[in-house]
Amino acid sequence: MFKRLATAAVTAVLIAGLGACSNGDDVRDVGSNHSAGVGQDSGNAAGERRPDTAAASVFGLRDEIRHRAALTTRAKRPHMTKKCTTATRRVKHTTSTGSGAKRRTRTWYSTEHSKSCKQIRSGTETYTRVVRREQWCVSLDDVSGDKNKDDVWYQVSRTTYDAAIGTDEHARMDFTPKDTGC
């Protein structure tokens with residue numbers, strides 16, 4: 001009984017502590033003068049850089065949009081194949097019964113089979129190498145309210161790009177970019 005009570009108390013303290021330490025990323029300030037966020041994804045695909053701070057969200061007037069298709073080329077690499085070898089081994093087994101002068105030992109043999117595999121190079125193969133990943137970009141004017149900061153390109157997620165297509169030019173946009181430049 002005491003063990004359950006102690007476990008419940010420790011759990012309650014942990015939950016309270018973790019709740020106090022959270023920075024509230026999932027809550028948006030309703031009284032903010034910023035427009036509603038578009039495409040502020042929390043996921044991060046491999047090879048994509050994300051700004052580190054929560055203040056990395058940018059806003060401004062939508063200028064241009066650009067889709068850059070993935071750039072690929074044909075390349076060669078070593079072709080690896082699996083080569084396996086089998087082996088057998090004779091194993092001796094013994095069992096004993098009785099004790100003293102009446103002790104009897106029985107011996108028999110069995111064969112163990114084993115297989116060992118390794119990758120070996122066997123010529124070359126042609127594959128499609130990705131030189132540049134697919135990119136979706138949005139250009140903003142008046143970035144963060146600065147009238148002198150125009151034509152700044154940001155790489156964005158596909159959902160942010162699709163939302164930008166649906167807005168008029170010079171409409172206010174607020175999003176978290178994956179990277180700068182395009």
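Just the heavy atoms: all of them, side chains too, but no hydrogens, waters or symmetry mates, feed the values below. The shown structure was predicted, so the numbers you read here are calculated from the model rather than taken from an experiment.
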> To the nearest 0.5 Å, what is the distance between CZ (Arg172) and CG (Asp141)?
Replying inline: 13.5 Å
> Are Arg89 and Thr111 linked by a side-chain donor-acceptor pair shorter than 3.5 Å?
Replying inline: no
> Within a strict 4.5 Å, meaning less than it, do heavy atoms of the Asp142 and Asp150 side chains meet?
Replying inline: yes
>> Could you report the tightest heavy-atom contact between Val130 and Arg133, atom names first, then the distance?
In response: CG1-N, 4.0 Å
> Between His170 and Leu61, what is the shortest heavy-atom contact and its length?
Replying inline: O-CD2, 3.6 Å
> So does Arg104 have more than 12 non-hydrogen atoms from other groups sitting under 6.0 Å from CZ?
Replying inline: no
> Can you check side chain to side chain contact (heavy atoms under 4.5 Å, CB included) on Phe59 and Leu140, steps first, answer last?
Replying inline: CA-CA 8 Å; Phe59 66 92; Leu140 293 180; over 6 Å; no
> CE/Met80 to CD1/Ile120 distance, rounded to the nearest 0.5 angstrom?
Replying inline: 8.0 Å
>> Quick check for you: to the nearest 0.5 Å, what is the distance between Thr81 atom OG1 and Gln119 atom CD?
In response: 7.0 Å
> Quick one: does Asp179's side chain get under 4.5 Å of Tyr154's, heavy atoms only?
Replying inline: no
> Checking Arg66 side chain against Gln135 main chain: does a donor-acceptor pair fall under 3.5 Å?
Replying inline: no
> Are Thr105 and Ser96 side-chain neighbours, meaning at least one heavy-atom pair lies under 4.5 Å?
Replying inline: yes
> Measuring from Thr160:OG1 to Ile65:CD1, what's the distance to the nearest 0.5 Å?
Replying inline: 12.0 Å
> Is the closest side-chain donor-acceptor distance between His93 and Ser110 under 3.5 Å?
Replying inline: yes
>> Ring-plane angle category for Trp136 and Tyr161, please: parallel below 30°, perpendicular beyond 60°, tilted otherwise.
In response: tilted
> If you measure from OG1 on Thr85 to NZ on Lys118, what distance do you get to the nearest 0.5 Å?
Replying inline: 7.5 Å
>> Whether Arg77 engages the ring of Tyr127 as a cation-pi pair (distance to the six-membered ring centre under 6.0 angstrom, angle to the ring normal within 45°) should be assessed.
In response: yes
>> So that I can tick it off, tell me whether Arg68 and Glu134 are bridged by a salt bridge, with the cut-off set at under 4.0 angstrom between side-chain N and carboxylate O.
In response: no
> Quick one: are Thr180 and Trp153 in side-chain contact, heavy atoms under 4.5 Å?
Replying inline: no
> About how many Å separate OG of Ser122 and NZ of Lys82, when rounded to the nearest 0.5 Å?
Replying inline: 14.5 Å
